[in-house]
Amino acid sequence: MKHKTLKGFQDILPPEISVWQHIEKISRDVFKTYGYQEIRLPVLESTDIFTRSIGETSDIVEKEMYTFTDKGDRSVTLRPEGTASFVRAYVEHHLFNNPAPQKFYYMGPMFRYERPQAYRYRQFYQIGAEAMGVEDPKLDAEIISMLSKILNSTGLEGVNFELTSIGCKNCRPAYRDALKNFLRDRLNSFCGDCQRRFDLNPLRILDCKVPGCIESRQGSPAVLDHLCADCKQHFDGLKRNLETLSVRHSINPNLVRGLDYYTKTAFEVTSESLGSQKAVAAGGRYDGLVDEFGGPPTPGIGFAIGMERIIPLIKGSMSKAEPPDLLICPLGQEAPEKGLLLAEQLRSSGIWAEVNYEQTSLKSQMRKANRLGAKNVIVLGEDELKKGEVVVKNMVNGTETKAVLEVQELKKIIKAGK
RNA sequence: GUGAGUGUAGCUCAGUUGGCAGAGCAUCUGACUGUGGCUCAGAGGGUCGCGGGUUCAAGCCCCGUCACUCACCCCA
């Protein structure tokens, strides 16, 4: 084959696209009831939008960004995630002047230059939400509850909500030091990756799956014990509010976020039936990010759902091709043109009508109707045109109904047979 | 970036110790001239991923390369 999609990119073809539309529709409906409005952002941004916010040493920035130089010699990057772009837009358009909370959602492609594997692509789609201007944990609880509602409404099954607080710029450094002090003496009992993480991102050692590392980190200081008064109060409030809203969740103090801008609340939705890439949605609070983009200090919280990751979990995601309501089978000299016109008229009244373009035997036209799954067939031949009368054949039960060759009457019969 | 596995028809896959490229499904056509599904008969469809080597002879053996898949790292 000469031309193919790039590695990690994919075409999404018709039968499958209906699952995508289903998820998007449900998300929009739920967002609306929570007051979230759609925002569309560019997929290409100036590179520093991402390097500054996501963190210079994060894996995304270090090795996963689609970065290149444009014709004006500017460094530009295909967005690897949505929040940085969103906050840029939020500040650029002074959206903080609207009454808080300002709530937005977006859906679209993200790009990361990673080695593809199951449920991981270089272009992947996220549905994301961002709520700005409120620090109260009630908003955290509400947005998590909304995420839960979206996932449940799509028919998703068997996911777990995990939750933690990773502190703020006041208490996290102290925790980081405490953790490093604990790990330093026993560092050689950890795997090579973890030894590298020690300097880069020691918190990530808590997330390592190597059995020896799980063993060695027993008794390490816990983030939740090192939260400052403010963060602790926030986290306690969140837990209480989630109880109130009956959002099922578990606390996982080892949850780690890969992006630098997160503060306080961090959460992740996982599925065990997905293989190794098991995160289906994740998010958290980012109270310092607007500030960093030059806006007024403004708290924010958001999440993103991975489309490709929830689709395989949705019951009945094996979608079938949609069948047309009607196939018109013309026979003879006059019929093809008349059929073309009739189809057009029926379409105007909301019927999915197809006409056979080729003059083949009736038998092969009927066979085609069957292959298409057409719900009804009208044979349009010399007799029918002469009498001004046709037979509508219902292909599901085989019944035939005589009808005058007139749009309203045909519409009635076809709609009734649906 | 690292490791392993797999590449044969549109799809799923057979292909023996190296000896003419195959099946099922799908598509199309036909079976007393205007009625589908079931059945039957038939047809089209291939650079055996690509390049080189060994051999009288390679889908099969050897080397290289590319792609895909899964996993690591990391993430939605």
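Order of the sequence lines sets the chain letters (A, B, ...), proteins ahead of strands, with each chain counted from 1. Just so you know, these numbers use all the heavy atoms, side chains as well, and skip hydrogens, waters and symmetry mates.
Place Gly306(A) and Pro116(A) on RNA chain B by their nearest nucleotides, and Pro116(A) ends up nearer the 5' end.
Using a 4.0 Å heavy-atom cutoff across all strands shown, Arg122(A) reaches no nucleic acid atom at all. Here Glu358(A) lies out of heavy-atom contact (under 4.0 Å) with every strand. Within the nucleic acid shown, Gly398(A) comes within 4.0 Å of at least one base atom, counting heavy atoms only. Contacts of Ala369(A) with the nucleic acid, taken as non-hydrogen atoms under 4.0 Å apart, are absent. Nucleic acid contact class of Tyr119(A) (heavy atoms, under 4.0 Å, all strands): base. If you check every strand for non-hydrogen atoms under 4.0 Å, Thr360(A) touches nothing. Note on Val379(A): a base of the nucleic acid sits closer than 4.0 angstrom, heavy atoms only. Residue contacts shown for Gln10(A) are absent, as no nucleic acid heavy atom lies under 4.0 Å away. Residue Arg120(A) is classed as a base contact, given a heavy-atom separation below 4.0 Å to a base.
When all heavy atoms are compared, the tightest approach of Leu156(A) to Leu313(A) is CD1-CB, 3.3 Å.
Contact annotation: Gln117(A) side-chain N/O to A71(B) OP1/OP2 distance is under 4.0 Å. Phosphate contact (OP1/OP2 of C68(B), side-chain N/O of Lys7(A), threshold under 4.0 Å): present. An OP1 or OP2 oxygen of C75(B) is reached within less than 4.0 angstrom by a side-chain nitrogen or oxygen of Arg204(A). Using a 4.0 Å cut-off, some side-chain N or O of Arg371(A) falls inside it from OP1 or OP2 of U27(B). Taking 4.0 angstrom as the limit, Lys368(A) places none of its side-chain polar atoms (N or O) nearer than this to OP1 or OP2 of G36(B).
A donor and an acceptor atom, one from each side chain of Asn394(A) and Thr399(A), are nowhere located under 3.5 Å apart.
One atom, CG of Leu331(A), and another, P of U35(B), lie 10 Å apart when rounded to the nearest Å. Between the OH atom of Tyr262(A) and the P atom of C75(B) there is a distance of 11 Å, rounded to whole Å. Separating the CD1 atom of Ile205(A) from the P atom of C73(B) is a distance of 13 Å, rounded to the nearest angstrom.
With a 6.0 Å cutoff to the six-membered ring centre and a 45° limit on the axis angle, Arg248(A) does not count as a cation-pi contact of Phe161(A). Both the sub-6.0 Å distance and the 45° axial angle are not jointly satisfied by Arg28(A) relative to the ring of Tyr105(A).
For the side chain to side chain donor-acceptor pair (under 3.5 Å) test with Tyr106(A), the passing option among Arg40(A), Glu130(A), Glu38(A) is Glu130(A); the others fail.
The side chain to side chain contact (heavy atoms under 4.5 Å, CB included) check on Asp287(A) picks up Glu135(A), Thr263(A), Lys264(A), Arg285(A), Pro299(A), with sequence neighbours excluded. Applying the salt bridge (Lys or Arg N to Asp or Glu O under 4.0 Å) rule to Arg197(A) yields no partners; only residues at least two apart in sequence or on another chain are considered.
RNA chain B contains the following stems of three or more consecutive Watson-Crick or G-U pairs, with both distances under 3.5 Å: B:1-7 with B:66-72, B:10-13 with B:22-25, B:27-31 with B:39-43, B:49-53 with B:61-65.
Sorted by first and then second residue, the salt bridge (Lys or Arg N to Asp or Glu O under 4.0 Å) pairs involving residues 179-188 of chain A (not counting sequence neighbours) form an empty list.
Nearest nucleotide to the side chain of Met395(A), out of G36(B), C68(B), C74(B): G36(B). In the set C75(B), A67(B), C73(B), C75(B) carries the atom at the smallest distance from any side-chain atom of Arg309(A). Listed nucleotides: U35(B), A76(B), G30(B). Nearest to the side chain of Arg367(A): G30(B). Taking only side-chain atoms of Met366(A), from C-beta outward, the nucleotide of U35(B), G34(B), C74(B) with the closest atom is U35(B). Side chain of Glu400(A), nearest nucleotide from G34(B), C73(B), U35(B): U35(B).
One cannot find a donor-acceptor pair under 3.5 Å joining the base of G36(B) and the side-chain atoms of Lys363(A).
Ring geometry for Phe9(A) against Phe111(A) counts as tilted: the plane angle lies between 30° and 60°, on a 0 to 90° scale.
Ion pairing between Glu344(A) and Arg347(A) holds under the 4.0 Å rule for side-chain N and carboxylate O.
Contact check of residues 105-115 of chain A against RNA chain B (heavy atom, cut-off under 4.0 Å) returns Arg112(A), Glu114(A), Arg115(A).
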Would you list the atom pairs, donor with acceptor, under 3.5 Å between side chains in residues 381-391 of chain A and any protein atom, with sequence neighbours excluded?
{"from": "Glu382(A)", "atom 1": "OE2", "to": "Gln333(A)", "atom 2": "N", "distance (Å)": "3.4"}
{"from": "Glu384(A)", "atom 1": "OE1", "to": "Gly381(A)", "atom 2": "N", "distance (Å)": "3.0"}

